[in-house]
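Since this is a predicted model, take the numbers as computed values, not measurements.
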Amino acid sequence: MLKTALTFGETELPADPFAAFQIWLGEAERSELNDPNAMALATVDADGLPDVRTVLLKGVDPGGFVFYTNFESRKGQELLGQPKAALCFHWKSLRRQVRVRGHVETVSAEEADAYYRTRARISRLGAWASQQSRPLASRAELEQRVAEFDARFPGEDIPRPPHWSGFRVVPVQIEFWQDGAFRLHDSYRFVKDEFGQWVATRLNP
């Protein structure tokens, strides 16, 4: 078990997984062409069949990793029914990966409201108009619903839909992976010890 800095070739990361993640995310924001906050989100349905899709990270702190969605969507229903998830960040330009496994909780209404207000107006209207994951007859039908909500909410004060909010993945494991020459990669897995402190173990590539 390691409680000191993590070594990746000639570089080091702090032995706190959230501090380490923030460093790698910051470097990805400077190197990735599109969506450095993109992450694969894995869930399971009521039958235990796994499902995965890409979503955007919208917040991270020692409490976990936050994203927002329509709770009536497939992923929303799966997470409400089975509140466990896995995440995977892959930064191709940096040849790095971070994997997260954990329990899922909903964010507070205040937190969801605060984020919702930062979204572009058309995105807030879209949260009302889109019946996410359900069949859609045509693009025109979606655009018509957006127009209807545009007329319903003519100003900037568009309330957050009751079915739209956020999830927080509270990790039980966080794993950092850096590509190495000849597949001799550097990899560490963080888990909490009996005192609730994160401890890293180096893994074989």
Indicate if [X] and [Y] have the same hydrophobic cluster label, given that clusters are the connected sets of ILVMFWY residues with side-chain heavy-atom separations under 4.5 angstrom.
X	Y	answer
Val169	Trp198	yes
Val44	Val172	no
Val60	Leu13	yes
Leu56	Leu25	no
Val55	Leu80	yes

Is Glu111 salt-bridged to Lys58, cutoff N-O under 4.0 Å?
->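 No.
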Between Lys92 and Glu32, is the closest basic N to carboxylate O distance under 4.0 Å?
->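 Salt bridge: no.
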[X] atom [atom1], over 12 foreign heavy atoms within 6.0 Å:
X	atom1	result
Asp157	CG	no
Arg74	CZ	no
Arg160	CZ	yes

Please check if the side chain of [X] supplies one atom and the backbone of [Y] the other of a donor-acceptor pair under 3.5 Å.
X	Y	value
Asp45	Glu78	no
Arg53	Leu41	yes
Gln173	Val100	no
Arg202	Thr7	yes
Asn70	Glu72	yes
Asp35	Ala38	no

Taking side chain as C-beta onward, heavy atoms only, is [X] less than 4.5 Å from [Y]?
X	Y	result
Pro62	Asp16	no
Met39	Thr54	no
Gln178	His185	no
Val107	Val66	yes
Ile174	Val98	yes
Phe89	Phe21	yes
Val146	Ile122	yes

Do [X] and [Y] have ring centres separated by under 6.0 Å?
X	Y	answer
Phe176	Phe190	yes
Phe8	Trp177	no
Phe65	Phe18	yes

With rounding to the nearest 0.5 angstrom, report the [atom1] to [atom2] distance, [X] to [Y].
X	Y	atom1	atom2	value
Leu6	Asp186	CG	CG	9.5 Å
Glu105	Leu79	CD	CG	12.0 Å
Asp179	Ser187	CG	OG	11.5 Å
Trp128	Trp164	CH2	CH2	12.0 Å
Ser130	His163	OG	NE2	8.0 Å
His90	Gln97	NE2	CD	6.5 Å

State, to 0.1 Å, how close [X] and [Y] come at their nearest heavy-atom pair, and which atoms those are.
X	Y	value
Ile158	Tyr116	O-CE2, 3.2 Å
Val170	Gly63	CG2-O, 3.6 Å
Ala19	Pro14	CB-CG, 3.8 Å
Arg168	Gly64	CG-CA, 4.0 Å

Residues two or more places apart in sequence or in another chain: which of them pass side chain to side chain donor-acceptor pair (under 3.5 Å) with Gln22?
->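 Counting only residues at least two positions away or on another chain, Gln22 forms no side chain to side chain donor-acceptor pair (under 3.5 Å).
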Could you list the residues that satisfy side chain to side chain donor-acceptor pair (under 3.5 Å) with Arg139, not counting sequence neighbours?
->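 Only Glu143 meet the side chain to side chain donor-acceptor pair (under 3.5 Å) criterion with Arg139.
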Worked verdict on Thr201 versus Tyr188 for side chain to side chain contact (heavy atoms under 4.5 Å, CB included) = CA-CA 5 Å; Thr201 301; Tyr188 294 87; over 6 Å; no
Does the salt bridge (charged side-chain N to carboxylate O under 4.0 Å, His left out) test come out yes or no for Glu175 and Arg101, once each step is laid out?
-> CA-CA 9 Å; Glu175 189 173 310; Arg101 301 174 72 211; over 6 Å; no
Verify the distance criterion only: is there a donor paired with an acceptor across the side chains of Ser133 and Ser73 at less than 3.5 Å?
->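 Distance-only check fails for Ser133 and Ser73.
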Establish, from distance only, whether the side-chain atoms of Gln82 and Thr43 form a donor-acceptor pair under 3.5 Å.
->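 Gln82 vs Thr43: no donor-acceptor pair found between side chains.
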Give the intermediate values and the outcome of side chain to side chain contact (heavy atoms under 4.5 Å, CB included) for residues Lys84 and Val104.
-> CA-CA 5 Å; Lys84 300 176 183 179; Val104 175; 5.5 Å; no
Not counting sequence neighbours, list each pair that qualifies as a side chain to side chain donor-acceptor pair (under 3.5 Å) and has a residue in residues 145-154.
->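 Found Arg121-Asp150, Glu141-Arg145, Gln144-Glu148.
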Test ring pair (Phe, Tyr, Trp, His ring centres under 6.0 Å) applied to Phe71 and Phe167, step by step = CA-CA 9 Å; Phe71 277 13; Phe167 289 108; 4.5 Å; yes
Hey, mind stepping through Leu125 and Phe149 against side chain to side chain contact (heavy atoms under 4.5 Å, CB included) and telling me if it holds?
-> CA-CA 6 Å; Leu125 293 172; Phe149 284 107; 4.1 Å; yes
